Amino acid sequence: MCGYDNNNDMDTDNKHIDPVGLVPKVLSGEATPEEQKIVDEWLSADPDNRVEFDSFARLWDITSSATAAGDIDVEAEWQRLDRAITHRQTRTIHLKRVLQIAAAVILVSALTFTGVKITGPILKRAPANEYASIYLPDGTVVSLNAGSRITYKKGFGISHRQLSLKGEAYFEVKKSNLPFVVSAGEACISVTGTEFNVKAYADKPLIRVTVTKGTVRLYETSHPDLEAVLTAGETGTYNKSNRKIDMQAAVNLNDFAWKTGILDFNNTPLSEVGDILANTYHISVNIDPALHDCSITVRFENQELDSVVSVLKSTLDLTVSRTGKKYTISGKGC
Amino acid sequence: MDHQDLIVKHKFELLFREHFTGLCYFARKYTGDLDSAKEIVHGVFIRIWENRSDFEWDKPAKSYLFTSVYNRSLNYLRDHKKFISHGEATAQNLVVDESVFTDNVETAELENHIQKALRKLPEKCREIFELSRFESKKYTEIAEHLNISVKTVETQMSKALHLLRIELKDYLAFLMLMMLKNMNNL
């Protein structure tokens, strides 16, 4: 088909005005009689010009059919779908839970009918042996480690952004004017928009917060004055027994291993390796105390537990026995 | 989620991102409005997700997607007992006229490309073009609204049309073919 250059063939009487430039005016009905005439002359000068004009006219027509479309925000639609399928997943996995919820709904309806107002918290949990991604109504993404759970009240993202965490989660917090507050038992974490990991297992003496982006405030739930401000690349720990907050200007990659699949041991004592493996692969690890101080330096990326174990075994000359999800490690010592 | 699940999720997301817009424009040809069209398309994707273990992820899915959206659109029309003025067809002749299906797939994809092409225009150029084309504003009104000269509006309109034509070259050629085909059928 002919190109724009064809306007060299234009009627010489009107060489000061580009007829092709007038096409939109003609199409939108805004051309003056003079301008219309220029275009008409151009059209009759060469059949190719007619073809070119037609292609513009066609373009003009089809752009009108696209009009009413408006933009479709594919990103937003994807987020919406992703939320929908995430809900569905938890629904199908926890059929028992659905029945419980159904029972609760009946109870709530009954209570509502009798005039009792109920605004129960919303609970999201990860299955026992794998982590789950959860999309909060404000656009925040939470990766929940296996067996961990979060709860929040109605109106999340609208009137508040407060949730409570049991276990471990990585948060990618959407920026907003509403402060985002994670209550993790004895300690709370408050942020605006940032990314961080919170380890808050009820049976562990420390609550550990690792910041990868932005700034977070870590404070004691009962005494918010006891606080520490952590920025990206820092780790803060709240010690439940002596109620102290410690800060380290470093981030341990292994804190995210459960999410990233990267294990990075650098002269790491075996006792710690055991904890990290347990947290990453959702197993329990028992290590002979005589081996606790043996250390190892090795890096794994997305390795199966079996291959990690076999590397450890041959490097430190260990004996590993396994019953189901329980691993027992023994050896001669180092 | 284990590794395999993540791969499936990723493929699912790619499929969605590639086809969502086109499928919505397609469904709108039957439903007449974009909101119900979006719901229909979401429904199809949710169904795919629910049956993800049986879905053949490595086969081309386009015709499956359009057929599913088509069937759901017909159900939607049946349930809403609605005759549409916007689309090219009504509930009755849709069922009998399968060729409309193909045409609608093609034009829906074309609309998708137009929207993409519009998004590629320089911002000022696009704004002027949309004011004229979609809000039926006169050149003088646009000039006043944006505090620019009428001459600039003219130049930008012409620029917009030329850029769009370059962007949509292949589809225009295809459209011309379709028109010729239709004329021969008359």
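Note that the structure is a prediction, hence the values are computed from the model and not measured. Each chain gets a letter, A, B and so on, in the order its sequence line appears, and its residues count up from 1.
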Check: Among all residues two or more places apart in sequence or in another chain, which pass the salt bridge (Lys or Arg N to Asp or Glu O under 4.0 Å) test with B:Lys159?
Finding: none
Next item on the list: Before giving the answer on ring pair (Phe, Tyr, Trp, His ring centres under 6.0 Å), spell out for B:Phe55 and B:Tyr64 the whole-Å C-alpha distance, their side-chain angles and the decisive distance to 0.1 Å.
Entry: CA-CA 11 Å; B:Phe55 193 81; B:Tyr64 169 81; 5.6 Å; yes
Next item on the list: Measure B:Leu168 against the heavy atoms of chain A and call it side chain, backbone, both or neither at under 4.5 Å.
Entry: side chain
Next item on the list: Please look at B:Thr21 and chain A and tell me whether the side chain, the backbone, both or neither of the residue comes under 4.5 angstrom of a heavy atom of that chain.
Entry: both
Next item on the list: Would you please indicate yes or no on a ring centroid separation below 6.0 angstrom for B:Tyr30 and B:Tyr70?
Entry: yes
Item checked: B:Phe20, part contacting chain A, at a heavy-atom distance under 4.5 Å -> side chain
Notebook entry, point to check: Side chain, backbone, both or neither: which part of B:Glu130 has a non-hydrogen atom closer than 4.5 Å to chain A?
Noted result: neither
Check: salt bridge (Lys or Arg N to Asp or Glu O under 4.0 Å): which pairs involve residues 133-146 of chain A, sequence neighbours left out?
Finding: A:Asp138-A:Arg161
Item checked: Contact origin within A:Glu77 toward chain B - heavy atom pairs under 4.5 Å -> both
Next item on the list: Determine, stepwise, if the pair A:Tyr131 / A:His282 fulfils ring pair (Phe, Tyr, Trp, His ring centres under 6.0 Å).
Entry: CA-CA 9 Å; A:Tyr131 84 83; A:His282 322 302; 7.9 Å; no
